[in-house]
Amino acid sequence: MIRIPCPFCGMRDHSEFTYGGDGSIEYPPLDASKEEWHDAVFLRDNICGVQFETWQHTHGCRMWLVVERDTMTHEILSVRPAHPGLASALANEQEADQ
Amino acid sequence: MTRFSAWNVFWNGLKGQKGWSRQWRDPEPKPHYDIVIVGGGLHGLATAYYLAANHGLKNIAVLEKGWLGGGNAGRNTTIVRSNYARPGNREFYEHSLRLWENLSHELNYNVMFSQRSHVALLHSPGAIDAASRNYNTMRMTGTPDAEIWDLETLKRTIPHLNYAPNARFPIMGAAVQKRAGTARHDAVAWGYARGADQRGVDILQQCEVRGIEREGDSVTALETSRGTIRAGKVAFAVAGSTSRLWNMAGLGKLPIESHKLQAFVSEPLKPLLDQVVVFGVGGGHFYISQSDKGGMVFGGDIDWYKSYAQRGNLPIVQDVSEAAMSILPCLGRVKLLRHWSGLVDMSMDGTHFICKTPLSNLYLNAGWNYGGFKASPASGWYYADLIANDRPHERIRNFDLKRFERGLQIDERGAGPDPKLHG
C-alpha cells in the first residue's frame, strides 16, 4: 500500500485517492493549433522514474494534489496542493501555526 | 528436432523418455541479422515464426532480456475471444481466433486451446440492449457464434452463479461467444519459439537492449548485454517497456502509458466452472475460468495509477475478491495460491499499434492494453507481414500512431483519451 501525505489530512492510504494522470501536461490556449492540442491530449512521456502526477483525495478532503512519485519504486518524494492559491494559503497557515 | 506425434509419445514412454531433444537452441549472437525483434514474448515469438513460415525469411533474431514466457506471456488470464464490435478490431480479433483454432496443428505443439465459451453476464435491460447491438454486429461481420442467453438458459448451463433476486446487481442474462475459451499460455510461447527456431530464427535470451544506434532516420545497431548487434530491420514488441525503448531511439512521446494488471490463481479445485465467466457492472470488473490443473484463474481492473513495478497492490486484491464473492459465493472458503502483476501498455483509445515509425527500418508493435494474449497469433501474423513487405496490410492500416491526428479513435469502451480508463 502506498501512503500519501495529504497536506490537508495527513498520511493516508492510497486507496483513498483517485489517480488523475501526468501532472506535467499543460493544455494549450483554446485557439492553439490542432497539432498542439493533439500532443497535449494524446502524447505522454511515460516516465520510468520520478514524475509529477495529479491525485485527488476522493475519500478525504476531495482536494487535487500534485504528487512527485517514482513510478518504479512507488516512493513519494513530495506532495503539494494542485491549486497554486491553496498551496500559498496552506503555507501561510502553517507559518501562522508556528 | 523431434516431431511430436502419438507414436513418438508412445515410443518414448517405452524408452524411459530418453529420446527427446532440446526444444530450441541457445545460440551465441551473430554480429548481424537482417531482422532483429526486440522482445521474446508471445508477440515477438509469433512475429519471428510468421516471418519465417509465411514469408520464408531467414537470418532473424529475437532478443529477450529475461527468459521466454517470463513477462506478460506468463502473467495473464489466458482468455481468448473475438467479441469486438468496432471496425478494424472485429476482423483482426476474429482472424486471431481462427489462427488459435488451428494453432496446435500449425505448431505441432499442444497449446491446449479449449473453446469452452466466454459468458459475459448482463445485469440490466440497457446492458442487454448494448450487448445485443455488439453481438449482432459480430454476427453480421463474420463471427457466427455470438449469442444472447436469457436467464433460463444461463441457469441451466451454469447453475451455481449467484442468481439471488436481491443481489446488488441481479443477473438477467448473458452475452456468449461459444468459440472463445482459454489456452495454455506457456505452451504458446514455447510452441512459437520451437517453430521459429526450427526455421532458423536465433532466440537470444538474457539479452537486454541497452542502447540504439541511429544513422539519420534509420537504426543501424542495437547495443545489448551480449554485445552489439547490427540489424537490417528492427521490430519492437516489448509490451509495458515500449516508451523506454522509444526513448532510447530518441523518438520522444507516445500515446501510451505503462500500467500494471494483476492476475490471480486459487488452490486447485475439482471441476467447478466449464466456461470463462465475466462480470462487469457498476465499476466492478471480474473474469474467471478454471485451469486444467483445477486452479481458479481470475483477474479484474488494472491498479488505478501508472506504474513500472511488476507487483500488484492490495486494494485490487480486495476489489477482485469482492467481485468473486458477488457472482460465485461458493468460492468464499477457497485459498488464494498466488497473484502476480504484469506491465501493460495502456493506449489512449484502448486499441493497439502495429505500424511503421518515424525511422525507416524500425517497426512498432505496442499498446495491447488488456488484449495482448488473445491477439498474439494475429499480431505476429500482421506484424510479420508489415516487416516483410514494408507496408501495412489493409486490415491494420488504422493501427498506426497517426490515427489520433486523423481524428480516429478505435475506442471499444467509449472511455475517451485516458489510458487508465481502458481496463
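Predicted model, so just to flag it, every value in this text is computed and none were measured. Below, chains carry the letters A, B, ... as their sequence lines are ordered, and counting in each starts from 1.
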Residue among B:Leu314, B:Ile256, B:Asn247 with most heavy-atom pairs under 4.5 Å to chain A: B:Ile256
Region of A:Ile2 that comes under 4.5 Å of a non-hydrogen atom in chain B: side chain
Contact origin within B:Lys420 toward chain A - heavy atom pairs under 4.5 Å: side chain
Heavy-atom donor-acceptor pair, B:Asn398 side chain to B:Ile396 backbone, under 3.5 Å: no
Between B:Phe399 and B:Phe92, ring centroids under 6.0 Å: yes
Which portion of A:Gln51 sits near chain B, non-hydrogen atoms under 4.5 angstrom: side chain
Within the 6.0 Å centroid threshold, strictly below: A:Phe42 and A:Trp37: no
Proximal component of B:Gln318, with respect to chain A [non-hydrogen, under 4.5 Å]: neither
Salt bridge B:Lys253-A:Asp22, side-chain N to carboxylate O under 4.0 Å: no
Stepwise side chain to side chain contact (heavy atoms under 4.5 Å, CB included) check, B:His352 with B:Asn89: CA-CA 9 Å; B:His352 48 272; B:Asn89 271 351; 3.8 Å; yes
